[in-house]
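For reference, the structure is listed below as structure tokens.
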There are 2 protein chains.
Amino acid sequence: MLSEIEKQVLEAISDTHNIPQVAYNLRKNGESVERKVDEDITIVTKNDKPGIDVFIKPGTKNKSVHIPVIISKAGINDVVYNSFDIGEDSDVLIVAGCGIHNPGNEGSQHDGIHDFKVHKNAHLKYTEKHYAQGEGKGKKILNPKTILEVYEGGFVEMELIQIKGVDFTNRETEVRLHEGARLIVTERLFTDYSQKAESHITIQLMGANSSAQIISRSVAKGKSEQIYYFNMIGKNKCAGHIQCDAIIMDEAKVTSIPAISAFHQDAQLIHEAAIGKISSEQLIKLMSLGLSEKEAEEKILEGFLK
Amino acid sequence: MLSEIEKQVLEAISDTHNIPQVAYNLRKNGESVERKVDEDITIVTKNDKPGIDVFIKPGTKNKSVHIPVIISKAGINDVVYNSFDIGEDSDVLIVAGCGIHNPGNEGSQHDGIHDFKVHKNAHLKYTEKHYAQGEGKGKKILNPKTILEVYEGGFVEMELIQIKGVDFTNRETEVRLHEGARLIVTERLFTDYSQKAESHITIQLMGANSSAQIISRSVAKGKSEQIYYFNMIGKNKCAGHIQCDAIIMDEAKVTSIPAISAFHQDAQLIHEAAIGKISSEQLIKLMSLGLSEKEAEEKILEGFLK
């Protein structure tokens with residue numbers, strides 16, 4: 001059912017974790033083409049707009065849902081709304097991601113709007129990988145929007161990864177953390193050529209003893225441009241930490257604008273950011289081991305984005 | 001000529017350095033009231049608007065200019081434009097500052113717009129202290145704007161200090177650094193009650209091997225609010241570092257929004273920020289030495305804002 005190229009693209013955005021995959025929904029060129037469900041994980045097509053509702057039964061453990069999206073045509077403009085209800089005390093992995101192969105000169109775009117309700121004491125691991133390729137001049141555009149409401153004691157780990165080939169992305173992530181809720185966001189972003197990437201992450205620490213951490217790493221090559229807006233707001237006794245590191249190369253441009261706001265005397269917020277080029281010491285060390293400059297550079301970037 | 005209260009206010013914003021004070025201009029309630037000049041440092045009243053032009057002869061060393069402003073009446077709205085031309089190879093200290101004693105219920109405001117041209121290889125140390133007091137309900141408002149152009153090899157150290165009593169401040173600082181120019185900005189800000197403080201610092205690293213550092217420390221008590229916008233833009237091979245720390249107490253609010261932008265592959269920019277409350281370990285340590293909680297707190301804040 002999938003062509004060789006489609007399989008390649010799917011492979012690039014897939015993630016192998018050691019958690020059994022029990023539910024599955026594949027969307028291709030704007031339509032659901034394959035689905036698998038389970039007694040604990042149901043997937044229902046939305047009535048009012050394109051997209052699915054995913055329900056994880058309370059107490060579900062050690063199970064995963066994969067919901068890849070692939071686009072293999074030029075001129076596709078796909079918008080999808082997916083909702084996730086993560087039941088109390090469950091512990092699940094959701095692997096999303098979008099891969100585009102654009103063979104033509106017309107643009108292909110996927111906008112995925114994902115909203116999550118993570119109920120009491122649930123643990124969600126969410127991975128989202130973006131990848132694009134294509135022979136033509138058609139732009140590959142991915143605009144994910146992710147909204148998370150994490151209730152008492154909930155714990156969310158998010159991995160947001162843009163591997164390569166995406167011409168334009170505007171990511172928006174909005175999170176509200178209630179009492180004792182925890183969040184760790186890991187962002188990895190790579191741009192090259194004239195690609196542009198923008199990432200907005202807003203985290204509201206609403207509840208007592210909530211905590212959040214953003215770890216963002218990126219590499220900007222060629223004439224690409226990246227801009228980061230992080231906003232962490234402490235409204236209660238809470239702890240927040242933003243850490244962003246960017247490697248800049250060639251004629252690329254990187255801007256990092258992290259805001260921290262303490263609106264409570266027991267809010268503890270920290271931010272660190274660094275933008276700079278590849279460490280020349282690291283380069284020299286790898287080159288002394290026999291690697292060419294280009295190989296050494298690739299090795300360092302690979303390690304940095306791991 | 002100065003009343004006892006005026007002398008007190010002047011004292012609060014003065015700064016004793018071990019550099020001979022050779023030139024002086026005192027402004028009181030919107031008028032220049034006293035002036036002293038020197039063969040190397042001249043002060044000329046502007047023709048087109050209120051304010052002075054200060055000229056430092058090239059090669060002037062180990063001399064200082066003090067230009068305090070005091071306001072001792074309610075209902076004063078003083079705007080002043082001061083320009084400074086710091087000659088090549090000179091090494092000078094400029095002490096500005098504004099002290100308000102507002103005895104009434106009408107507001108008193110001072111807006112000082114200072115622009116500096118720091119010529120080749122000159123070293124400028126610039127200190128600006130703000131202080132206000134008063135029995136009435138009249139607001140004490142201070143809005144300084146500082147514009148610096150630092151030419152090849154110039155070095156500027158700025159100290160921007162708001163001691164206490166200022167109800168509202170909006171500080172704006174804009175700096176352009178040319179080849180090999182260096183800047184160190186030290187900001188200290190204290191707010192209490194319903195005071196509001198906003199600080200904008202924009203630094204453009206234009207020239208090769210330019211470098212800049214912002215070290216900002218603040219304490220927000222009561223219901224006061226502080227907001228910081230820092231913006232460091234690297235347009236060449238350069239190094240920039242922003243470090244901001246805030247102590248938050250009571251029902252105060254602090255927001256820190258530092259932006260770093262690397263528009264050159266050899267721009268190296270770093271930012272660190274932390275907002276939190278007084279370290280309880282430090283408090284306990286000082287209290288174990290016999291200090292009351294209040295005394296210990298004051299001791300810590302004093303040390304932090306030093």
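Note on naming: letters A, B, ... go to the chains in the order of the sequence lines (proteins, then strands), and numbering restarts at 1 for each one.
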Heavy-atom pairs under 4.5 Å with chain A, option from I260(B), L269(B), I257(B) with the top count: I260(B)

Close approach to chain A in residues 224-253 of chain B, criterion heavy atom under 4.5 Å: I248(B), M249(B), D250(B), A252(B), K253(B)

Residues, nucleotides or ligands: over 12 heavy atoms within 6.0 Å of K129(A) NZ: yes

A262(A) versus chain B, the contacting section by heavy-atom distance below 4.5 Å: both

More than 12 heavy atoms of other groups within 6.0 Å of R217(A) CZ: yes

Close contacts, residues 280-306 of chain B versus chain A, judged by heavy atoms under 4.5 Å: none

Selection from G276(A), A274(A), S261(A) maximising heavy-atom pairs under 4.5 Å formed with chain B: S261(A)

Over all atoms of both residues, closest heavy-atom pair of Q265(B) and K277(A): O-CB, 3.4 Å

